[in-house]
Amino acid sequence: MQRSQDREPVSGGDVAEAQIAAFRDWESVKGDRFASLRTIRQPTLVVNGVHDEMIPVRNSYWLSENLPNAVLLTYPDSGHGSLFQFHESFYHQATGFLASDSAFAPY
């Protein structure tokens, strides 16, 4: 809120309604929910706090289980800002992931 120029407009009810509609669509399973994830070959670092109330950690487990080249990194006693709460650890983990052969292997 300190920025006075070049700000995004405040989101309103239409944004909330669209997000709720997307949640409802996700809840109605049609076929194999994770089939499209299994086709993604790009190495992926999935990061989550175990107490994240916006994106429950179980979603990160599902994501990493279905992305063939995923690495899951969870932080204890942390929420949605886990990578900021554990910034030094995240820095080292992300740097290691990006430096690894698997991060740039052809997919």
Side-chain angles (χ1 to χ4, degrees):
M1 297 301 293
Q2 293 177 358
R3 212 169 64 193
S4 61
Q5 296 178 1
D6 197 28
R7 291 184 53 188
E8 293 292 322
V10 175
S11 58
D14 56 335
V15 172
E17 288 177 23
Q19 189 170 20
I20 289 170
F23 288 150
R24 295 297 172 249
D25 185 52
W26 167 252
E27 289 171 345
S28 61
V29 179
K30 301 171 194 101
D32 184 356
R33 173 175 288 191
F34 303 111
S36 63
L37 291 177
R38 291 188 208 100
T39 67
I40 299 171
R41 300 290 179 217
Q42 182 66 36
T44 306
L45 181 61
V46 180
V47 182
N48 204 203
V50 296
H51 299 298
D52 190 332
E53 293 183 12
M54 293 180 69
I55 302 173
V57 72
R58 71 178 175 270
N59 291 356
S60 293
Y61 280 100
W62 288 334
L63 184 63
S64 64
E65 287 173 2
N66 288 283
L67 286 170
N69 294 309
V71 173
L72 175 61
L73 181 59
T74 60
Y75 286 108
D77 195 28
S78 59
H80 195 63
S82 63
L83 59 110
F84 301 109
Q85 291 170 272
F86 290 89
H87 56 90
E88 288 185 31
S89 175
F90 175 74
Y91 166 78
H92 291 292
Q93 295 289 337
T95 300
F97 174 79
L98 292 171
S100 71
D101 291 339
S102 64
F104 297 102
Y107 46 93

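Atoms CG and CG, from Leu72 and Leu63 in turn, are 8.5 Å apart once rounded to the nearest 0.5 Å. Atom OG1 of Thr95 is separated from atom CZ of Phe90 by 8.5 Å, given to the nearest 0.5 angstrom. Rounded to the nearest 0.5 Å, atoms CG (Asp77) and NE2 (His51) are 5.5 Å apart.
For Gln85 against Gly79, the heavy-atom pair with the smallest separation is OE1-N, 3.1 Å. Shortest non-hydrogen contact noted between Arg3 and Gln5 is NE-O, 3.4 Å. Trp62 approaches Asn66 most closely through the heavy-atom pair O-ND2, 2.8 Å.
Partners of Ser89 according to the side chain to side chain contact (heavy atoms under 4.5 Å, CB included) rule, which considers only residues two or more places apart in sequence or in another chain, are Tyr75, Phe86, Gln93.
A distance-only check finds a donor-acceptor pair linking the side chain of Asn69 to the backbone of Arg41 [under 3.5 Å]. Distance alone, capped at 3.5 Å, places no donor-acceptor pair between the Arg58 side chain and the Ile55 backbone.
Leu83 and Tyr91 are members of different hydrophobic clusters when ILVMFWY side chains are connected at heavy-atom separations under 4.5 Å. Following chains of ILVMFWY side-chain contacts shorter than 4.5 Å, one cannot reach Val57 starting from Met54, and the two form parts of different hydrophobic clusters. The cluster map of Ile, Leu, Val, Met, Phe, Trp and Tyr, joined by side-chain heavy atoms under 4.5 Å apart, puts Phe84 and Leu45 in the same cluster. Both Leu73 and Leu98 are members of a single hydrophobic cluster when ILVMFWY side chains are connected at heavy-atom separations under 4.5 Å.
Using a 4.5 Å heavy-atom cutoff, the side chains of Ser82 and Asp52 are not in contact.
Evaluated for a side-chain contact (heavy atoms from CB on, under 4.5 Å) with Ser60, the options Thr74, Val47, Val50, Asn48 yield exactly one hit, Asn48.
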